[in-house]
Number of protein chains: 2
Amino acid sequence: MARPRSEEANAKILEAAVGLLFEKGLDGFTIDEVASRSGVAKTTIYRHFSSGNEVLVTALDSTIRPFPTPDTGTLRGDLLEFMEVVVPIFASAQLRPLMLGLVGAAATDTELFRIQTAMLTERTMPLRTIIDAAKARGQLPDSLVFEEAFDFIEGPLLAQWIQRPETLIDIDIERLVDRVLAALAA
Amino acid sequence: MARPRSEEANAKILEAAVGLLFEKGLDGFTIDEVASRSGVAKTTIYRHFSSGNEVLVTALDSTIRPFPTPDTGTLRGDLLEFMEVVVPIFASAQLRPLMLGLVGAAATDTELFRIQTAMLTERTMPLRTIIDAAKARGQLPDSLVFEEAFDFIEGPLLAQWIQRPETLIDIDIERLVDRVLAALAA
DNA sequence: CTATAACGCTACGAAAGAGTAGCGAAAGCC
DNA sequence: GGCTTTCGCTACTCTTTCGTAGCGTTATAG
């Protein structure tokens, strides 16, 4: 009947929240900081969101985007293209604190675990297509379950990411993929 | 010259700190809680440690223990024994929040990253021996760098641990090791 | 044009955690 | 046995962050 909630304010809040998350990670995330960055008054933030945690969750959710699906005709080619996209993301120094912080927090917070899983599902959607296509071509056995394949495709990357992030830039993707293929064939 | 610092109090502080870490993880770790659990007064804790963070770090350091090194004569046998020890540790529900929290916090805190690395180094010491022995037997090429082997040995485990922890109990260790061996041979 | 609700602002209150001050009591060194 | 320092206790300050109240101002639906 009267003045509606400003959609612009909502967008500014989320934009600032996302930026803050990328800069300071989960720990540095405070509503006061979101307020000062966005130019939106803290009280207004609480008019748009029921709690600070809801701002955080909504901001995280908003970062989930679809990933491109390679289709080169061979499993090896598809995996190479997939890695070309994923490795730079892992190598990004800005993303690391946020994503690892999320992994840590998700261990005790079910809502954050849901987000973590949703992010992963979206990011690995292309992998499912790749694996299915390889099965259809007879390059992989039908009995291979996706989760097992996933563990071998992203696991080594994950281990390196956590332990020696600085070495990810120089990674030899071809060698990595060849090892993965050998593991999947076993 | 006078009364010395109680070694018993020091032990009780660390014992309580470790217990708290395992139960509540890094986030739930407070000096007040350590004080009430240990029965040692908070003021006394600050006489023994210069800061709460030092209590945390010392407690974490104290949990680092040496790992057994298998020696079965074959790479496959050694890896199987190694996995028999490591998998139950990963599968432990109590350890997960703490370790993943540590991973997350280590992304922004250099001191915690040092601890994380130290823990990992200790835990993977047997792996180095195993890999070296396999090289000496000619089962692995001398050119294989340890870090690359490590990523393929623990990476898949790590991926599963983060994503689907509940499935770790039923893991088929033999199949896992066979896939790892195939990857290392590639 | 007017009523209604959102906006921004300043100021609070509440809670949690770190770390400190001051005290009487107790324990170890000599 | 006495001197010294620790211990436990209570109480306090400081800081951070969350979330809310009140108020004057502004936009907008009808």
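Here the structure is a predicted model, which means the values were calculated and not measured. Numbers restart at 1 for each chain; the letters A, B, ... are given by sequence-line order, proteins then strands.
- Listed by chain and number, the residues in a side chain to side chain contact (heavy atoms under 4.5 Å, CB included) with Phe49(B) are Asn10(B), Ile13(B), Leu14(B), Ile45(B), Glu54(B), Val55(B), Thr58(B) (sequence neighbours excluded).
- Every pair passing side chain to side chain donor-acceptor pair (under 3.5 Å) that includes a residue from residues 118-133 of chain A is listed here, sequence neighbours excluded: Arg123(A)-Glu154(A).
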Could you give me the CA-CA distance, side-chain angles and deciding distance for Leu80(A) and Thr72(A), then say whether side chain to side chain contact (heavy atoms under 4.5 Å, CB included) is met? CA-CA 10 Å; Leu80(A) 281 174; Thr72(A) 64; over 6 Å; no
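- The environment of Glu166(B) atom CD is dense: over 12 non-hydrogen atoms of other residues, nucleotides or ligands sit within 6.0 angstrom.
- Atom CD of Glu54(B) is separated from atom P of dA18(C) by 14 Å (rounded to the nearest Å).
- A donor-acceptor contact closer than 3.5 angstrom links the side chains of Thr167(B) and Gln160(B).
- In this structure, Ile89(A) and Phe67(A) have side chains that are in contact, with non-hydrogen atoms separated by less than 4.5 Å.
- Of the residues in residues 104-113 of chain B, none lies under 4.0 Å from DNA chain D by heavy-atom distance.
- The distance between atom CD of Glu8(A) and atom P of dA27(D), rounded to the nearest whole Å, is 12 Å.
- Across the protein-nucleic acid pair, Ile45(B) atom CD1 and dC9(D) atom P stand 11 Å apart, rounded to whole Å.
- Applying the 3.5 Å distance criterion, the base of dA6(C) shares a donor-acceptor pair with the side chain of Arg3(A).
- Along DNA chain C, the nucleotide nearest Pro4(B) and the nucleotide nearest Arg47(B) are compared for position; the residue whose nucleotide lies closer to the 5' end is Arg47(B).
- The nucleotide whose nearest atom lies closest to any side-chain atom of Val40(B) is, among dA29(D), dC29(C), dG8(D), dG8(D).
- Taking the side chain as every heavy atom from C-beta outward, Thr63(B) and Leu98(B) never approach each other to under 4.5 Å.
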Between the protein and nucleotides 16-20 of chain D, which nitrogen or oxygen pairs come in under 3.5 angstrom?
from    : atom 1 : to       : atom 2 : distance (Å)
dC18(D) : OP2    : Ile31(A) : N      : 3.2
dG19(D) : OP2    : Tyr46(A) : OH     : 2.9
dG19(D) : OP2    : Gly52(A) : N      : 2.9
dG19(D) : N7     : Lys42(A) : NZ     : 3.0
dG19(D) : O6     : Lys42(A) : NZ     : 2.9

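- Residue Arg5(A) is classed as a sugar-phosphate contact, given heavy-atom separations below 4.0 Å to backbone atoms only.
- Take Phe90(B) and apply the ring pair (Phe, Tyr, Trp, His ring centres under 6.0 Å) test, not counting sequence neighbours, and it matches Trp161(B).
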Without placing hydrogens or testing angles, list every side-chain donor-acceptor pair under 3.5 Å for residues 176-186 of chain A, not counting sequence neighbours.
from      : atom 1 : to        : atom 2 : distance (Å)
Asp178(A) : OD1    : Arg76(A)  : NE     : 2.8
Asp178(A) : OD1    : Arg76(A)  : NH2    : 3.3
Asp178(A) : OD2    : Arg76(A)  : NH2    : 3.2
Arg179(A) : NE     : Glu148(B) : OE2    : 2.8
Arg179(A) : NH1    : Ala183(B) : O      : 2.8
Arg179(A) : NH1    : Leu184(B) : O      : 3.1
Arg179(A) : NH1    : Ala186(B) : O      : 3.2
Arg179(A) : NH2    : Glu148(B) : OE2    : 3.4

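- Phosphate proximity of dA6(C) to His48(A): absent, as no side-chain N or O sits under 4.0 Å from OP1 or OP2.
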